[in-house]
Asks: 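One structure is given below, represented as structure tokens, and several questions about it will come after.
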Amino acid sequence: MISVGDKVRIGEGGVSVFVVRSVDPDEGRAVIEAAEERPGRYPFSMPLGALVKAED
């Protein structure tokens, strides 16, 4: 289960780490944002099925 505040990757082979900002279980989507502060960082929506929890 993906929850707000979790760190995730997009897919099993994902390299970048994102933080979950909100989850809409009815739509099956989450708003995620890059975990690292960097220029151009912005939140965007992804299907929950595409997200994999990142190991700390």
Asks: Show the nearest heavy-atom pair for residues I2 and V8, with the distance to one decimal.
Replies: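 Closest heavy-atom pair between I2 and V8: CD1-CG1, 3.9 Å.
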Asks: Can you list the other members of the hydrophobic cluster that holds V15, where links are side-chain heavy atoms under 4.5 angstrom apart?
Replies: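 So far as hydrophobic clustering goes, V15 is joined with none.
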Asks: Looking only at heavy atoms, which two atoms of M46 and L51 are closest? And how far apart?
Replies: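 In terms of heavy atoms, the two residues are closest at CB-CD2, 4.1 Å.
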Asks: Count I, L, V, M, F, W, Y as connected when their side-chain heavy atoms are under 4.5 Å apart, and connections chain through other members. Are V52 and V19 then in the same cluster?
Replies: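 In one cluster with V52: V19, no.
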Asks: Counting N and O atoms only, with roles assigned by atom type, does the side chain of R41 sit under 3.5 Å from a partner on the main chain of A34, one being a donor and the other an acceptor?
Replies: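 Answer holds: yes.
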Asks: Which atom names give the shortest non-hydrogen contact between S16 and R9, and what distance separates them?
Replies: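 So the two residues come closest at O-CG, 3.6 Å.
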Asks: Quick one: do V20 and V17 end up in the same hydrophobic cluster if we chain Ile, Leu, Val, Met, Phe, Trp and Tyr together by side-chain heavy atoms under 4.5 Å apart?
Replies: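 No: no chain of side-chain contacts under 4.5 Å links V20 to V17.
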Asks: Output all residues satisfying salt bridge (charged side-chain N to carboxylate O under 4.0 Å, His left out) with D6, sequence neighbours left out; order by chain, then residue number.
Replies: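 With sequence neighbours excluded, D6 shows a salt bridge (charged side-chain N to carboxylate O under 4.0 Å, His left out) to K53, given in chain and number order.
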Asks: Give, for atom NZ of K7 and atom CD1 of I32, the distance between the pair rounded to the nearest 0.5 Å.
Replies: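 Nearest 0.5 Å value for the NZ-CD1 distance: 14.0 Å.
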Asks: List the atom of P43, the atom of V31, and the distance in Å for their closest heavy-atom pair.
Replies: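 It is CB-CG1, 3.7 Å.
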Asks: Quick one: ring pair (Phe, Tyr, Trp, His ring centres under 6.0 Å) pairs with a partner in residues 4-30, sequence neighbours left out?
Replies: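 Counting only pairs at least two positions apart or across chains, the ring pair (Phe, Tyr, Trp, His ring centres under 6.0 Å) contacts touching residues 4-30 are F18-F44.
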